[in-house]
Structures are given as structure tokens and as C-alpha cells.
> 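Dropping a structure here in C-alpha cells format, bear with me for questions.
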There are 2 protein chains.
Amino acid sequence: MTFPDLFERFAAQVLPPKTSDDAHQRLQAIARYSSARAGDAPFKENGKDQIVFVASGSSKLVAHASLGRQQVVAFHFAGDLVSVPGSSAHAYSLCALEDCELIYFPSAEFLQLAQHETGMVAEVLDRALRALARCREKTVTLGRKTAQEKLASFLVTMSERIGAEFAQGVDLDLPMSRQDIGDSLGLTIETVSRQFSDLRAQGLLETPSRSRIRLLDMKALEAKAGHIRAAA
Amino acid sequence: MTFPDLFERFAAQVLPPKTSDDAHQRLQAIARYSSARAGDAPFKENGKDQIVFVASGSSKLVAHASLGRQQVVAFHFAGDLVSVPGSSAHAYSLCALEDCELIYFPSAEFLQLAQHETGMVAEVLDRALRALARCREKTVTLGRKTAQEKLASFLVTMSERIGAEFAQGVDLDLPMSRQDIGDSLGLTIETVSRQFSDLRAQGLLETPSRSRIRLLDMKALEAKAGHIRAAA
DNA sequence: CGTCACCTTGACGAGTCTCAAGTTGTGTGG
DNA sequence: CCACACAACTTGAGACTCGTCAAGGTGACG
């Protein structure tokens with residue numbers, strides 16, 4: 001897909017309908033385009049915060065700590081807007097899970113321009129608050145749950161975002177590897193694998209192929225996830 | 001302090017200088033005031049998201065999971081703006097650490113009014129993005145660090161927010177208990193205590209009283225925190 | 001000065017990580 | 001279309017960190 005087409009996709013999803021042509025053009029002027037193959041880090045941050053729109057595909061935001069340890073901070077799918085920190089106590093990088101098309105802006109200029117368009121800042125704020133809410137939920141999962149509860153939480157969350165319902169369960173096609181899941185949940189790949197086997201043995205899911213997962217009993221999974229609403 | 005005085009404090013810190021009297025009054029009309037003693041949960045959420053301004057004192061945002069487990073999602077100090085979720089996979093509540101004065105608004109109405117004031121949404125967005133950045137940093141800490149690294153990270157972060165520099169160290173007066181620190185780091189109170197003792201034995205800090213902590217070697221603490229910038 | 005909550009320390013066990021070996025998908029080239 | 005090769009995943013055994021349970025100490029308050 002060409003850059004103008006992708007920018008239109010961004011405009012349709014993020015900009016308010018009544019955005020002026022002028023603002024449209026100014027934004028397009030600071031926008032950069034990147035297409036990445038699975039596994040690539042599609043752009044260099046050069047120390048400045050970036051705002052990234054995932055036009056197609058899926059990506060992960062990875063934080064790096066000392067000793068090569070990685071933490072996946074968030075996953076993103078087509079239509080998501082991501083704020084990528086340029087510098088912080090930990091180094092961040094955005095990385096493609098599947099082949100991916102991205103539009104990205106220097107954060108400062110983007111927010112500056114946004115201010116002059118009624119409704120645009122509100123849209124970005126709305127997305128930021130939802131990202132904050134997800135990050136907080138993740139905090140609970142990382143801080144206070146067992147390996148099995150972590151995996152159950154992950155599967156429930158993913159089924160809400162990219163699940164396809166069928167008969168009496170949910171079909172998931174996960175673009176991320178076991179390693180990515182582990183890096184997201186603060187677990188090793190081995191522990192993730194063991195918990196998958198455990199849930200499979202309990203009849204809660206099937207794994208017909210590497211990336212495909214069938215969740216057979218959402219009620220039970222939600223209970224295992226330790227969500228307060230599902231518990232006593 | 002009276003409600004009008006507190007609201008002015010909110011206005012001075014959050015509203016743009018050129019905010020109209022009209023908007024000022026509309027905001028004041030939906031604002032609620034609460035003063036809480038240490039340990040209290042100052043308001044009921046009634047299922048709707050709230051925006052809370054901490055006018056004085058300090059507070060914690062607590063998420064509740066099943067089996068009575070608690071996770072402290074964030075700490076707040078005077079001048080902070082907090083978004084408190086009304087309903088989610090986990091139940092949230094805001095709780096006073098010290099005696100506290102709060103102004104709170106129903107989130108939906110607050111954001112609705114904010115849209116009409118140029119600059120106000122931008123201010124709220126800026127704060128939301130900083131909250132998101134802190135939450136992400138916390139994610140790394142919870143997911144990929146040992147107990148000692150977690151405590152070191154906590155102390156470094158707190159010294160940046162409420163530390164008072166002296167000679168060649170930083171003086172901290174922590175308003176939260178060891179239990180709160182544990183709930184924030186995903187550790188038990190015993191482990192927190194042991195790590196304090198350990199860091200004390202290494203000569204990195206002194207604890208002259210329960211709440212007061214002297215950080216004697218910030219460089220070493222930052223290295224222990226596992227921040228990428230301090231490491232190789 | 002006594003009381004109580006908060007904090008510290010110790011011993012032990014459970015859960016997860018590490019290291020190692022084996023298995024199964026997936027994609028490629030014949 | 002099949003066979004091969006490699007990466008991704010799974011499974012097992014042992015080590016280690018942190019949680020649990022229990023007892024003891026200490027600072028802050030009336």
C-alpha cells in the first residue's frame with residue numbers, strides 16, 4: 001500500500017471528521033512511513049519520543065533492562081496508536097510481530113499540531129487513557145498472579161482483542177511466539193509452555209497448531225485469571 | 001482549607017491561564033470535595049470512572065484481585081491528577097496514605113467540559129502520558145527484576161519524586177508502609193524488610209526511623225535497579 | 001511508661017528458573 | 001509432493017529465589 005493510502009487510513013481512524021485540510025497537510029508533512037518484516041524494529045528513535053500508528057499487522061513494545069533482560073510492555077494491532085518513549089530508565093523499541101505498515105511522528109510536533117484541531121487531542125487522550133488502563137491491569141497480573149493465572153489472564157485479554165467466537169468458545173490466532181508471551185508475563189518460555197500443557201490437560205483449550213489456540217471454556221479461564229468480578 | 005481554596009489550587013495547576021470564567025464555573029459545578037484521614041478510601045466510585053486531583057497529602061491506587069490479593073498500581077502526591085477506573089477486570093480504589101484533600105470529577109463530564117477549553121485537554125493528555133510512562137517502567141520492574149532490584153528501583157523512583165538532596169545522598173520521608181511497598185512491587189512485607197536489611201548491610205542506605213530513609217549511594221542504587229542506562 | 005501496630009529475623013517449603021535433552025511444526029529445496 | 005533442516009516448542013531434573021508460618025524486636029502513641 002502506498003504512503004498516501006496509509007495516511008488516509010490513519011486520518012480516518014484518528015482525526016476528527018471535521019479536520020481542516022491545512023492540519024491534514026501539516027501532519028502529513030511530519031509523518032514518516034515504515035514497512036517492516038516480522039521481527040524487524042521498523043525505526044530508530046534517535047532519543048525523541050515517537051507516536052506510531054499501526055496501519056496493518058501487529059507489533060510489540062519492548063523494554064530492555066540490564067543483563068539482556070526484556071519485558072514486552074504491550075502488544076498492538078492494526079488501528080492502534082502507540083506512544084514510544086525515546087529515552088527513559090529503560091530503553092524501548094517497537095518491533096514487528098507480523099509484517100507491518102507503520103506511520104510515525106515525532107511526539108512533540110504531533111501533539112503541538114494536534115492542539116490546534118478541536119477533538120484530535122481528545123481522541124489521543126482517550127486512546128492514552130485506555131492504554132493506561134491496560135497497563136494497570138497488566139501491573140496486577142505481573143505483581144500478584146501465579147504463572148497459570150498470568151497465562152489465563154493473557155488469553156482472556158487476547159480473546160477480547162483479537163478472538164473470533166465460534167460454537168461455545170473462542171478461536172485465537174496469536175502472532176507472537178511463546179518467548180514473546182513469556183516476556184510479556186514475566187515468565188520463561190519453559191514455564192509458559194508448561195502452563196499451556198497444564199491448561200490443555202484440564203480441557204480448557206486446544207492447540208491445533210503453533211499459533212492457533214482454541215479456548216474451550218471462557219468462564220473457567222476467567223475464573224483462573226483471578227479477575228475480581230469472576231471470583232467470590 | 002475550604003473547597004473554593006482547594007479548587008483554586010486545582011485551577012492554578014491544571015487549567016490553562018486563559019480559561020474562561022464560564023468553564024471555570026462549570027467545572028466547579030461538577031467537582032466534589034473530600035478530605036480523608038490516613039488509611040481512608042475517600043470516595044465511592046459508583047461504577048463510573050473518576051478524575052481525581054490530589055490537592056494535599058498523598059494517596060495510593062489499589063487494584064484488588066481474587067483471594068484478597070492487592071496490587072498498588074501507583075502512588076500520588078500533592079498536585080497529581082489521577083484517573084480512577086470505575087469498573088474493570090479488577091476493582092480499583094483510591095486510598096489516602098497521609099491525611100489528604102481531594103477534588104474529584106466524574107471522568108466523562110470532566111473530559112466533555114475540557115474539550116471546549118483550548119489547552120486543557122492537552123494538559124490532561126500530558127499528565128496521562130507521563131502516568132503511562134511510569135506504569136510501563138513499573139511493568140518492567142514487576143516482570144523482570146529480583147526482589148533487591150525491585151526495591152532499588154522503587155527507592156530511585158521515589159527519590160526523584162519526593163527526595164530531598166543533602167551532602168552526597170538523598171533523604172526520603174516515605175508516607176507508605178512496608179506493606180504498601182510490598183503491594184506495589186509484588187513482594188511480601190517480609191521480603192521487603194529483608195531487602196532493606198540487605199541494602200543497609202551493604203552501606204547503601206540508613207533507616208534512622210520507620211518512615212525516614214537516607215540513600216547514601218545513588219550511583220550504586222541505580223546500578224542495582226537494573227536500569228539499562230546504568231548498566232553495560 | 002505501657003501498649004500496640006509495625007517491622008525484623010529465622011526456618012522451611014512451594015513455585016519458578018536454569019540447564020539439558022527430546023519432539024514437533026514449518027518452510028525450503030530437490 | 002516429499003524429504004530434509006532448522007527453529008520453535010515441550011518435557012524433565014535439580015537449584016534457587018521468594019513466600020509462608022512463626023517468633024521476637026522496636027518505634028510511636030496515648
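Only heavy atoms go into these numbers, but all of them, side chains included; no hydrogens, no water, no symmetry mates. Lettering of chains follows the sequences in order, A, B, ..., and the numbering in each one begins at 1. None of the values given here were measured: they were computed from a predicted structure.
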> Below 30° counts as parallel, above 60° as perpendicular, anything between as tilted: where do the rings of B/Phe53 and B/Phe10 land?
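Because their plane-to-plane angle is over 60°, the rings of B/Phe53 and B/Phe10 count as perpendicular.
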> Once you round it to whole Å, what is the distance between P of C/dG25 and CG of A/Leu174?
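Rounding to the nearest Å, CG of A/Leu174 and P of C/dG25 are 17 Å apart.
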> From CD of B/Gln195 over to C1' of C/dC7, roughly how many Å is that when rounded to an integer?
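Checked: the CD to C1' distance equals 15 Å.
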> When all nucleic acid strands are considered with a 4.0 Å heavy-atom cut-off, which category describes A/Ser193: base, sugar-phosphate, or nothing?
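Here A/Ser193 touches the bases of the nucleic acid.
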> In this structure, how many angstroms lie between the C1' atom of D/dA22 and the CD1 atom of B/Ile189, rounded?
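So the CD1-C1' distance, B/Ile189 to D/dA22, works out to 14 Å.
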> With the threshold set at 4.0 Å, does a side-chain nitrogen-carboxylate oxygen contact exist between B/Arg69 and B/Asp183?
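Answer for the salt bridge query: no.
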> Would you mind telling me which of C/dT18, D/dG27, D/dA8 lies closest to the side-chain atoms of A/Arg210?
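When the side chain of A/Arg210 is considered, D/dA8 is the closest of C/dT18, D/dG27, D/dA8.
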> Return the value, rounded to whole Å, for the distance between atom CZ of B/Arg69 and atom C1' of D/dT20.
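Rounding to the nearest Å, CZ of B/Arg69 and C1' of D/dT20 are 15 Å apart.
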> Say whether B/Lys48 and B/Ser107, considering side chains only, have a donor N or O and an acceptor N or O under 3.5 Å apart.
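There is no such pair (donor and acceptor under 3.5 Å, judged by atom type) between the side chains of B/Lys48 and B/Ser107.
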> For DNA chain C, whose closest nucleotide is more 5', that of B/Arg178 or that of A/Gln148?
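Here B/Arg178 is the residue nearer the 5' end.
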> Let's see if you can work this out: which of D/dT11, D/dT10, C/dT9 has an atom nearest to the side-chain heavy atoms of A/Ser197?
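Nucleotide nearest to A/Ser197's side chain: D/dT11.
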> Which whole-number value in Å describes the distance from A/Arg37 CZ to C/dG27 P?
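It is 12 Å, rounded to the nearest whole Å.
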> Could you tell me how far apart B/Arg194 (CZ) and D/dC21 (P) are, to the nearest whole angstrom?
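Distance check: B/Arg194 CZ to D/dC21 P gives 13 Å.
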> Could you tell me whether A/Gly182 contacts a base, only the sugar-phosphate backbone, or nothing, with contacts defined as non-hydrogen atoms closer than 4.0 Å?
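A/Gly182: no heavy atom of the nucleic acid under 4.0 Å.
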> Of the options C/dC19, D/dT20, C/dC7, whose atoms approach the side-chain atoms of A/Glu190 most closely?
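Selected nucleotide (nearest to the side chain): C/dC19.
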> I want to verify a distance call: between C/dT9, C/dT26, D/dT20, whose nearest atom is closest to the A/Ser209 side chain?
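When the side chain of A/Ser209 is considered, C/dT26 is the closest of C/dT9, C/dT26, D/dT20.
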> Pick base, sugar-phosphate or nothing for A/Arg212, based on heavy-atom distances below 4.0 Å to the nucleic acid.
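Answer is nothing: A/Arg212 stays at 4.0 Å or more from every strand.
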> Quick one: is D/dA8 close enough that its OP1 or OP2 comes under 4.0 Å of any side-chain N or O from A/Ser177?
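Negative; the distance criterion is not met.
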> Please figure out whether B/Pro208 or A/Val192 has its closest DNA chain D nucleotide nearer the 5' end.
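Result: A/Val192.
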> Round to a whole Å and report the spacing from CG of B/Asp183 to P of C/dC6.
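So the two atoms are 13 Å apart, to the nearest Å.
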> Can you tell me how far CZ of B/Arg214 sits from CZ of B/Phe166, rounded to the nearest 0.5 angstrom?
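If I round to the nearest 0.5 Å, the distance is 4.0 Å.
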> Take atom CD1 of B/Ile213 and atom C1' of C/dC6, then tell me their distance rounded to the nearest Å.
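Rounding to the nearest Å, CD1 of B/Ile213 and C1' of C/dC6 are 14 Å apart.
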> Using a cut-off of strictly less than 4.0 Å, decide whether B/Thr191 has a side-chain nitrogen or oxygen near OP1 or OP2 of D/dT17.
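So the side-chain polar atoms of B/Thr191 never come under 4.0 Å of the phosphate oxygens OP1 or OP2 of D/dT17.
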> Going by atom types only, do B/Ser193 and B/Glu190 share a side-chain donor-acceptor pair under 3.5 Å?
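No, no side-chain donor-acceptor pair sits under 3.5 Å.
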